[in-house]
Participant: 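Quick one: the structure is below, questions incoming.
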Amino acid sequence: MARPREYNRDEVIDAATQIFWKKGYHGTSLNELVTATKLNKQSMYKEFGSKAGLFDACLENFRKMMGQRVIDTLTRQPLSVDNIRSLFQLQSKFIASPDFKGCMFINSANEREFLHPGTLKKVDSFFERLHKLFCDCLRTRFTETDSDIRAAYLVDFFVGAMTVGKVKFDPEQHRQLLQMALKVLDK
């Protein structure tokens with residue numbers, strides 16, 4: 001008869017998410033995960049198969065935890081470019097928070113060479129979804145072609161702000177850059 005689990009899977013994933021989010025996949029050691037999750041290596045491998053399996057579960061956890069706010073903001077009805085403005089206002093507050101660690105998807109994209117193909121698909125899917133959601137909002141004002149290129153620009157700005165915000169955040173400079181970037185919403 002198998003022994004019952006002596007841990008809460010969701011709590012393990014939450015603890016591991018915090019470590020991966022801060023240090024990345026490659027920068028996180030198995031020992032750090034054991035310490036953070038309070039699981040031994042054998043239990044971790046039994047539950048998740050590998051460090052990569054645990055990372056995938058954490059990436060999904062992050063998508064539910066943080067990504068849903070992005071989706072909810074961009075899909076608010078009626079769709080409009082104001083949804084994009086709202087998202088960037090949320091992003092600015094997020095970047096300015098004292099415990100800002102970036103976006104786990106963006107952080108993961110910056111260490112692509114260490115991720116397995118299945119994880120890369122999830123990361124790429126995040127960027128494709130963000131582009132599509134921007135396009136949906138932009139099409140309320142622009143042609144499909146104009147919306148596509150403007151959405152690509154906004155994805156790049158979004159990613160850049162999340163990346164640079166981890167290193168240096170100057171609120172006034174960010175405000176000015178954001179103001180400039182959002183000019184693509186004007187006709």
Side-chain angles (χ1 to χ4, degrees), residues 1-76 83 86-134 155-156 158-169:
M1 185 168 154
R3 281 182 28 187
R5 251 191 241 164
E6 295 178 10
Y7 57 88
N8 179 303
R9 188 176 198 278
D10 291 336
E11 289 174 5
V12 166
I13 292 171
D14 285 343
T17 298
Q18 293 302 315
I19 299 294
F20 281 130
W21 187 7
K22 181 178 181 181
K23 300 186 87 177
Y25 177 78
H26 185 66
T28 301
S29 72
L30 204 50
N31 287 337
E32 289 171 309
L33 291 169
V34 166
T35 301
T37 63
K38 298 176 179 67
L39 276 185
N40 62 42
K41 290 178 185 177
Q42 182 181 359
S43 295
M44 190 176 300
Y45 279 105
K46 183 177 181 183
E47 183 69 33
F48 300 101
S50 64
K51 177 182 168 183
L54 176 57
F55 184 77
D56 282 349
C58 292
L59 203 55
E60 178 60 21
N61 184 45
F62 181 85
R63 186 192 62 74
K64 289 177 187 172
M65 189 173 60
M66 303 299 286
Q68 196 58 48
R69 285 196 290 184
V70 171
I71 292 166
D72 290 347
T73 302
L74 290 175
T75 59
R76 188 177 54 232
N83 294 8
S86 295
L87 176 66
F88 280 101
Q89 288 171 351
L90 281 173
Q91 182 194 37
S92 294
K93 289 177 187 169
F94 183 52
I95 294 170
S97 67
D99 60 340
F100 178 68
K101 297 182 281 274
C103 166
M104 198 166 161
F105 282 99
I106 295 168
N107 296 350
S108 298
N110 288 323
E111 58 175 1
R112 293 181 74 81
E113 67 271 17
F114 302 111
L115 304 178
H116 67 79
T119 303
L120 287 175
K121 277 187 175 182
K122 291 175 186 170
V123 170
D124 291 343
S125 176
F126 166 80
F127 292 106
E128 291 164 7
R129 179 88 190 267
L130 186 60
H131 182 268
K132 183 197 176 302
L133 293 171
F134 281 148
V155 168
D156 286 354
F158 185 87
V159 169
M162 294 294 261
T163 302
V164 172
K166 285 176 56 177
V167 180
K168 173 187 167 215
F169 182 71

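These numbers come from a predicted model, not from an experiment.
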Participant: Is the closest side-chain heavy-atom distance between Phe55 and Thr28 below 4.5 Å?
Facilitator: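 Counting from C-beta outward, Phe55 and Thr28 never come under 4.5 Å.
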Participant: Applying side chain to side chain donor-acceptor pair (under 3.5 Å), name anything that partners Thr35, two or more places apart in sequence or on another chain.
Facilitator: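 Testing Thr35 for side chain to side chain donor-acceptor pair (under 3.5 Å), a comparison that skips the adjacent residues, returns none.
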Participant: Could you walk me through whether Ser108 and Thr119 pass the side chain to side chain contact (heavy atoms under 4.5 Å, CB included) check?
Facilitator: CA-CA 9 Å; Ser108 298; Thr119 303; 5.8 Å; no
Participant: When rounded to the nearest 0.5 angstrom, what distance separates CG in Asn107 from NZ in Lys166?
Facilitator: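 Going from the CG atom of Asn107 to the NZ atom of Lys166 covers 3.5 Å.
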Participant: With sequence neighbours excluded, tell me which residues meet side chain to side chain contact (heavy atoms under 4.5 Å, CB included) with Asp72.
Facilitator: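 By the side chain to side chain contact (heavy atoms under 4.5 Å, CB included) rule, Asp72 matches Gln68.
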Participant: Could you check if a side-chain atom of Ser50 sits within less than 4.5 angstrom of a side-chain atom of His116, using non-hydrogen atoms only?
Facilitator: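 SC-SC contact between Ser50 and His116 ruled out.
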Participant: Roughly how far apart are Thr37 OG1 and Asn8 CG, rounded to 0.5 Å?
Facilitator: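 So the OG1 of Thr37 and the CG of Asn8 are separated by 12.0 Å.
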Participant: Give, for atom CD1 of Ile13 and atom CZ of Phe62, the distance between the pair rounded to the nearest 0.5 Å.
Facilitator: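 Ile13 atom CD1 to Phe62 atom CZ measures 15.0 Å (nearest 0.5 Å).
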Participant: Can you classify the ring geometry of Tyr25 versus Phe20 as parallel (below 30°), tilted (30 to 60°) or perpendicular (above 60°)?
Facilitator: parallel
Participant: Quick one: sort the Phe105 and Phe126 rings into parallel, tilted or perpendicular, breaks at 30° and 60°.
Facilitator: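 Phe105 vs Phe126 ring planes: parallel.
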Participant: Checking Lys132 now: which residues fulfil side chain to side chain contact (heavy atoms under 4.5 Å, CB included) with it, not counting sequence neighbours?
Facilitator: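 Listed in chain order: Asp136.
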Participant: With under 30° as parallel and over 60° as perpendicular, where do the rings of Phe114 and His26 fit, or are they tilted in between?
Facilitator: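 Parallel.
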